[in-house]
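Please read the structure below before turning to the comments.
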Amino acid sequence: MIVWKRACRSARPSTRPLSSRRCLSQRTLDGLERPVQSYISTSRDPYLNLSIEHFLLQKSAPESTILFLYINRPSIILGRNQNPWLEVNLALLNASGHDELETEPPGLGIVDLVRRRSGGGTVFHDEGNVNWTVICPSKDFTRDKHAEMVVRALRTCSVDRARVNVRHDIVLDQGEHALCTDPEDTHSTPYQLAEADAIRPLKVSGSAYKLTRQRALHHGTCLLSSPNLNIIPDYLHSPAKPYMTARGVESVSSPVGNILLTNERFIAAVQEQFAKLYGAVDDAKDVGDEWREHSPVCKGYDELKVTDLPTTI
Amino acid sequence: MSAAIAGSGGALAKVLQRPAQGLARCSHQQYLRLRAQRPAHARGLTAGTRALQKKYTEDHEWIDTSNPESAAIGISSYAAKALGDVVYVELPTIGTSVSKGDAIGAVESVKSASDIMTPVSGEILEVNSVLEDTPGTINKSPEGEGWLARIKVENVSELEGLMDEGAYKAFTEEVAEK
């Protein structure tokens, strides 16, 4: 019988008395009414970043459009309707926190396991990956619109192999410069190979969505310089999968690669393209630990923990 | 209604759709045999010839108004088509009290988790557990076998503000033009 301890960091409830907790300023709350808003997180806590993202979705003005950028410490982010038993190497996740495995290459230490609110598959976040979110009115939403915006941002940084694929993800084509394509077309590149070709494009960004009555949220990853590409497949492969029949949305695996840009350069490029698309916007507002104390954010924080793991086998 | 019956009734449907002379030729034993061949869960909405009186919301949900004590709700064919292939359905919890417009569940399709809102206030009485194993039922029969839940309508007057089939069709044509 194996006793599994959760190596994941838990969301710790605040022990500070309610009266001394800082809340968001009125100025910050008023800012949620602006027609175009831009935020960037100073926190690496995936629970906090996703809670802030959900708060922005729920509380921003229905006609507003928002850009939110954040980076998480090493964490595995499950899709809303996924089964962790099928998607994640739970034994590796558990062992990593206790240095019990001598893995080759070395494990990452503690890795958070988080269930996000949007659909789609499982992804790995670390400090070499920047997450981008755009929230807009439902009537203005299409699945490709903001992936196209990010591709334009990448192309301004000379990443001209980037394009949006049929799954609304961003890939880097791996062929020689052979085709003549429209440079404005974000769905094709001169390096594109035929679908049947042996060399698949490398996925650098995956998209997922959450659609409510009035608002649409599109968020995506962007692999810029992750040092962990070689061991991500180990974490995202479940040895239990062939032996289980379970409900849950399955991930679609793709070969991945780094774009090799700095986080800062990518962030600046995305903010610039967002401003170009939606008109001038105030400088991005920092969000961080102080938002944790705001009641709706705090409530959402614990909801993101993956609680359906066993304590014993 | 005939489309819903034809989709799930099979041989029984053909018997029911014949004119009266045809029904007279179907013996009672034959009727019982044919009815027993239909799976129990498929009798949910289409047993018998009771007409579903559907009304629709601007969020593309429908509600069967023929029995407000236990009204079936679901998403419209228009919505199901727009969503794409549904891969997961989150159903509400039986016994929950909900208000009109509350999100009572969600469907996942094309990596999107889309909220489903209740057209009326009331209490959730039953959920369609078929959707847990075969979420694609929503695409095959969104306004029939793909019903999501049954609700006890708290305030029947809320039904009056909803669109009938003709008005909803016109509404979807207007939306498509935009």
Does the side chain to side chain contact (heavy atoms under 4.5 Å, CB included) test come out yes or no for A:Lys210 and B:Asp115, once each step is laid out?
-> CA-CA 8 Å; A:Lys210 168 92 182 112; B:Asp115 281 348; 2.6 Å; yes

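Dense packing is recorded around CD of B:Glu132, with more than 12 heavy atoms of other residues, nucleotides or ligands lying under 6.0 Å away. Dense packing is recorded around CG of A:Asp185, with more than 12 heavy atoms of other residues, nucleotides or ligands lying under 6.0 Å away. By the neighbour-count criterion of 12 heavy atoms within 6.0 Å, atom NZ of B:Lys152 is sparsely surrounded, having that number or fewer from other residues, nucleotides or ligands.
Here the side chain of B:Lys111 pairs no donor or acceptor atom with the backbone of A:Gly79 at under 3.5 angstrom. In this structure, the side chain of B:Glu108 engages the main chain of A:Gly120 through a donor-acceptor pair within 3.5 Å.
Rounding to the nearest 0.5 Å places OG1 of A:Thr212 at 10.0 Å from CG of B:Asp59. Here the OH-CZ distance, from B:Tyr88 to A:Arg247, works out to 7.0 Å after rounding to the nearest 0.5 Å. Within the model, atoms OG of B:Ser112 and CZ of A:Arg143 stand 3.5 Å from one another, a figure rounded to the nearest 0.5 Å.
With a 4.5 Å cut-off on non-hydrogen atoms, A:Arg213 touches chain B through its backbone and its side chain both. Proximity to chain A is limited to the side chain of B:Glu90, based on heavy atoms less than 4.5 angstrom apart.
Most heavy-atom pairs under 4.5 Å with chain B: of the set A:Lys139, A:Arg167, A:Arg117, this distinction falls to A:Arg167.
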